[in-house]
**Student:** 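I'd like to ask some things about the structure below.
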Amino acid sequence: MKCPYCGSDDSKVVDSRPTDDKIRRRRECIRCRTRFTTYEIVEMPLLMVEKRDGTFEPFNRSKLINGIFSAIKKRPVTIDQVSQIADHIENHYANALKTVARSSDIGGMVLKKLKEIDSISYIRFASVYRDFTDIESFVAAISELDENKKISENAEKGVRQED
Ligand SMILES: [Zn+2]
């Protein structure tokens with residue numbers, strides 16, 4: 001950031017404050033000591049979602065959250081937990097610098113998180129997201145869950161035996 005008065009590249013930030021969608025910074029030129037203001041704009045990368053039918057739509061956080069909310073109805077899952085799942089997914093794609101996400105991958109990540117939080121919500125979300133068309137796939141999801149329960153129960157027993 002060049003000083004508008006002397007052209008020096010050296011400046012320090014003396015104050016930062018966020019406004020609606022920008023950050024306003026007061027800078028001081030190291031060379032001539034003059035203060036000037038810069039604005040920083042936060043750029044959110046556009047993430048496109050490829051749906052199962054091969055069409056694309058822009059990633060929509062509210063839509064994702066609505067989908068999760070329909071699965072957690074009357075379950076002990078907090079708004080914070082839902083918002084953390086959405087953060088996790090957004091950060092995953094932003095950090096990977098990906099601009100396209102498959103809807104099935106997003107659904108898979110939600111499932112993985114819900115499985116850790118609440119098994120009923122997990123099954124509800126799975127039944128919508130996986131579009132259980134046959135009874136086998138539904139049973140498969142349930143037994144997958146049972147399998148995990150056994151593993152964690154055994155792990156707990158293991159801990160107790162060590163006591
Ligand atoms: Zn200067």
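Remember, it's 1-based here, ligands and their atoms both numbered in the order they're listed.
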**Student:** With respect to Arg26, which candidate in Val13, Thr38, Asp15 satisfies the side chain to side chain contact (heavy atoms under 4.5 Å, CB included) definition?
**Tutor:** Asp15
**Student:** Rounded at 0.5 Å granularity, tell me how far OG1 in Thr37 sits from CZ in Arg24.
**Tutor:** 4.5 Å
**Student:** So that I can tick it off, tell me whether Arg61 and Asp87 are bridged by a salt bridge, with the cut-off set at under 4.0 angstrom between side-chain N and carboxylate O.
**Tutor:** yes
**Student:** Out of Ile72, Val110, Asn66, Leu64, which residue meets the side chain to side chain contact (heavy atoms under 4.5 Å, CB included) rule with Val82?
**Tutor:** Ile72
**Student:** Side chain of Asp105, backbone of Ala101: donor and acceptor closer than 3.5 Å?
**Tutor:** no
**Student:** Taking Arg35 first and then Glu28, would you say they form a salt bridge - that is, a charged N and a carboxylate O separated by under 4.0 Å?
**Tutor:** yes
**Student:** For the Zn ion (ligand 1), state how many protein N, O or S atoms fall inside a distance shorter than 2.8 Å.
**Tutor:** 4
